[in-house]
Amino acid sequence: MIRKLLLATVALTLSTAAFAQDVSVLRIGLDGSENEADQIRNTQCVADGLKAATGIAEVQIFPSPDYNGVIQGLLGGTIDIASMGASSYASIYLKDPEAVDPILTYTGSDGSSGYYTLMVARADSGIKTLADLKGKKLGFADPDSTSGYLIPNVALPAELGMPIDQYFAETGFGGGHENLVLAVLDGQFDAGTTFGSGVGEWAEGYSGGNLHQMVAKGNLDMDDIVEVWRSPLIPNGPLMVSNKLPAELKTKVEDYFKQLPKTDLACFQAYTQGANTDYIEVDPSFYQTIIDARKSVIGG
């Protein structure tokens, strides 16, 4: 019996070692919240840094047209690393709580670890408040977006005094945050839900988030939009690492990201979409309210 146990232990050790050696590629998923070319460009420095920090031969970037593509990749083990909103993590957790670990989130320029849903409309539309939107068309970013769908569906009915589908004449999806704002500007929606830090200069699209990114790229003039509604504070989304990776490799990945704000601030801020300051450690409990909200509004 002892001999069998020893042999089994050796076999397991060799199997684990072989698995660790077999990891020759790390795969970073991108969720389509921003246009693909910009997301890849903002992530390339992370891919290069991870390759050097982990010793892995290749780090690949996998853009998805929507959030669900990355969610399924993390669940299935075809994606190893992704930074997404809390609702996307909740979707994964509700399907398989052991699939990924949420290890880090970022702090904004004001030191907070949260952001807001920002509902915006065209400045020339005459829309300034939620009351002005009754009977009009509202756009959401993506069904798996925290700020662009989940939180508005949790918070808005209480403020409106009725379900969203009774207040608005129509709702739809813009296909990611950047595309949604462009759709509002094009008149496809009367207003749309995107996200931002809510602090800093309005002209700069605040200090971080989708509006900030669009202004920085020259895709948006903040004079062309107005902020109609702001949600309660939302916890910043997690950097997630697949539990299919060997523990030693996961530690190297986490250590790389922890040091990134100090070793390459420009890369960190590009990857986290704003003038953010640092990473802080998180665990599933940090997102419990979002997990509960997703289960209530969308289901598992």
For S33 and Y67 the tightest heavy-atom approach is CB-OH, 3.5 Å
Go through it in stages, so that I can follow the logic: the residues are W229 and E159, the test is side chain to side chain donor-acceptor pair (under 3.5 Å), and I'd like the CA-CA distance, side-chain angles, deciding distance and then a yes or no.
CA-CA 10 Å; W229 175 79; E159 293 199 34; 2.9 Å; yes
Side-chain (S88) to main-chain (M84) donor-acceptor, under 3.5 angstrom
no
Any side-chain to backbone donor/acceptor pair from T146 onto A86? Under 3.5 Å, distance only.
yes
Please find out if less than 6.0 Å separates the ring center of Y106 from that of Y271.
no
Between S109 and S207, is the side chain to side chain donor-acceptor pair (under 3.5 Å) condition met? List the steps.
CA-CA 7 Å; S109 61; S207 63; 3.0 Å; yes
Spacing of CD1 belonging to I151 relative to CG belonging to L233, to within rounding of 0.5 Å:
10.0 Å
Assess whether side chain to side chain contact (heavy atoms under 4.5 Å, CB included) is satisfied between V228 and D132, documenting all intermediate values.
CA-CA 9 Å; V228 178; D132 298 327; over 6 Å; no
Can you label the angle between the Y279 ring and the F257 ring as parallel, tilted or perpendicular, going by 30° and 60°?
perpendicular
Taking atom types as modelled, find out whether N276 and Q269 have a side-chain donor-acceptor pair closer than 3.5 angstrom.
no
Hey, are K51 and D48 close enough for a salt bridge, meaning a charged N less than 4.0 Å from a carboxylate O?
no
Mind listing the closest non-hydrogen atom pair of S64 and G69 along with its distance?
OG-CA, 3.4 Å
Note: E34-K217 ion pair, threshold 4.0 Å (strictly below):
yes
Linked, directly or transitively: L138 and V181 (ILVMFWY side chains, under 4.5 Å)
no
Parallel, tilted or perpendicular: ring planes of F195 versus Y115, cut at 30 and 60 degrees
perpendicular
Please determine whether a side-chain nitrogen of the Lys or Arg among K258 and E254 lies less than 4.0 Å from a carboxylate oxygen of the Asp or Glu.
yes
Hey, what do you get for CG (L180) to CZ (F140), rounding to the nearest 0.5 Å?
9.5 Å
Applying a strict under-4.5 Å side-chain criterion to I, L, V, M, F, W and Y, I'd like to know whether V282 and I234 cluster together.
no
Heavy-atom donor-acceptor pair, S125 side chain to A121 backbone, under 3.5 Å:
no
Distance to the ring centre below 6.0 angstrom and angle to the axis at most 45 degrees; does that hold for R230 and Y116?
yes
Should F62 and I28 count as side-chain neighbours, where that means a heavy-atom distance under 4.5 Å?
no
As a quick check of understanding, evaluate side chain to side chain contact (heavy atoms under 4.5 Å, CB included) for S113 and F286, giving each step before the final call.
CA-CA 11 Å; S113 56; F286 189 79; 3.8 Å; yes
If every non-hydrogen atom of G205 is compared with every non-hydrogen atom of V215, which pair is closest and at what distance?
N-CG2, 4.1 Å
Does I280 reach the side chain of L104, with side-chain heavy atoms less than 4.5 Å apart?
no
Can you tell me if N210 uses its side chain to pair, donor with acceptor, with the backbone of Q213 under 3.5 Å?
no
Report yes if some heavy atom in the side chain of L211 is under 4.5 Å from a heavy atom in the side chain of V120; otherwise report no.
yes
In sequence, state the C-alpha distance, the side-chain angles, and the governing distance for T277 and T107, and then conclude on side chain to side chain donor-acceptor pair (under 3.5 Å).
CA-CA 6 Å; T277 57; T107 54; 2.7 Å; yes
Note, I164 side chain near P157 side chain (heavy atom, < 4.5 Å):
yes
Any side-chain donor paired with an acceptor under 3.5 Å for T194 and H177?
yes
So, are D80 and R27 salt-bridged, with charged N and O less than 4.0 Å apart?
yes
Tell me whether Q288 at atom CD has more than 12 heavy atoms from other residues, nucleotides or ligands lying less than 6.0 Å away.
yes
4.5 Å side-chain heavy-atom contact, L26 and L249:
yes
Side-chain heavy atoms of I298 within contact of N153, under 4.5 Å
no
Donor-acceptor pair, side chain of Y287 and main chain of N236, under 3.5 angstrom
yes
Do the side chains of W202 and E227 get nearer than 4.5 Å, heavy atoms only?
yes
Can any side-chain N or O of S296 pair as donor or acceptor with the backbone N or O of D292 at less than 3.5 Å?
no
Does S145 reach the main-chain N or O of A141 with its side chain, forming a donor-acceptor pair under 3.5 Å?
no
Is there a continuous path of hydrophobic side-chain contacts, each under 4.5 Å between heavy atoms, that joins V59 to V100?
no
In the structure I gave you, are the side-chain heavy atoms of T105 and E281 within less than 4.5 Å of one another anywhere?
no
Closest heavy-atom contact between V226 and R122?
CG2-O, 4.1 Å
Given side chain to side chain donor-acceptor pair (under 3.5 Å), test Q72 with N68 step by step and report yes or no.
CA-CA 6 Å; Q72 296 307 317; N68 189 55; 3.2 Å; yes
Could you measure the distance from the OG atom of S242 to the CD1 atom of I81? Nearest 0.5 Å is fine.
9.5 Å
Backbone of Y206 reached by a side-chain donor or acceptor of H212 within 3.5 Å
yes
Rounded to the nearest 0.5 angstrom, the CG-OG1 distance for D255 and T54 is 11.5 Å
Expected output: side-chain E58 to main-chain V25 donor-acceptor under 3.5 Å:
no
Decide, yes or no, whether a salt bridge links K250 with D101 under the criterion of side-chain N to carboxylate O below 4.0 Å.
yes
Could you walk me through whether L260 and V46 pass the side chain to side chain contact (heavy atoms under 4.5 Å, CB included) check?
CA-CA 9 Å; L260 184 59; V46 169; 4.2 Å; yes
Is there a donor-acceptor contact under 3.5 Å from the side chain of D190 to the main chain of K137?
yes
For I56 versus S24, what's the shortest heavy-atom pair and its separation?
CG2-O, 3.3 Å
I'd like to know if Y149 and L118 are part of one continuous hydrophobic network [Ile/Leu/Val/Met/Phe/Trp/Tyr, side-chain heavy atoms within less than 4.5 Å].
no
Same cluster (ILVMFWY, side-chain, under 4.5 Å), M240 and V70
yes
So Y89 and Y93, would you call those rings parallel, tilted or perpendicular, with 30° and 60° as cut-offs?
tilted
Could you give the distance from CG (L30) to OG1 (T43), rounded to the nearest 0.5 Å?
4.5 Å
Tell me the closest heavy-atom pair linking P63 and I61, and the distance in Å.
CD-O, 3.4 Å
Take I71 and I79 through the side chain to side chain contact (heavy atoms under 4.5 Å, CB included) test and state the conclusion after the steps.
CA-CA 9 Å; I71 289 170; I79 296 296; over 6 Å; no
With a 6.0 Å cut-off (strictly less than), is the heavy-atom count around NZ of K134, excluding the residue itself, greater than 12?
no
Starting at OG of S87, measure out to CD1 of I92 and round the result to the nearest 0.5 Å.
10.0 Å
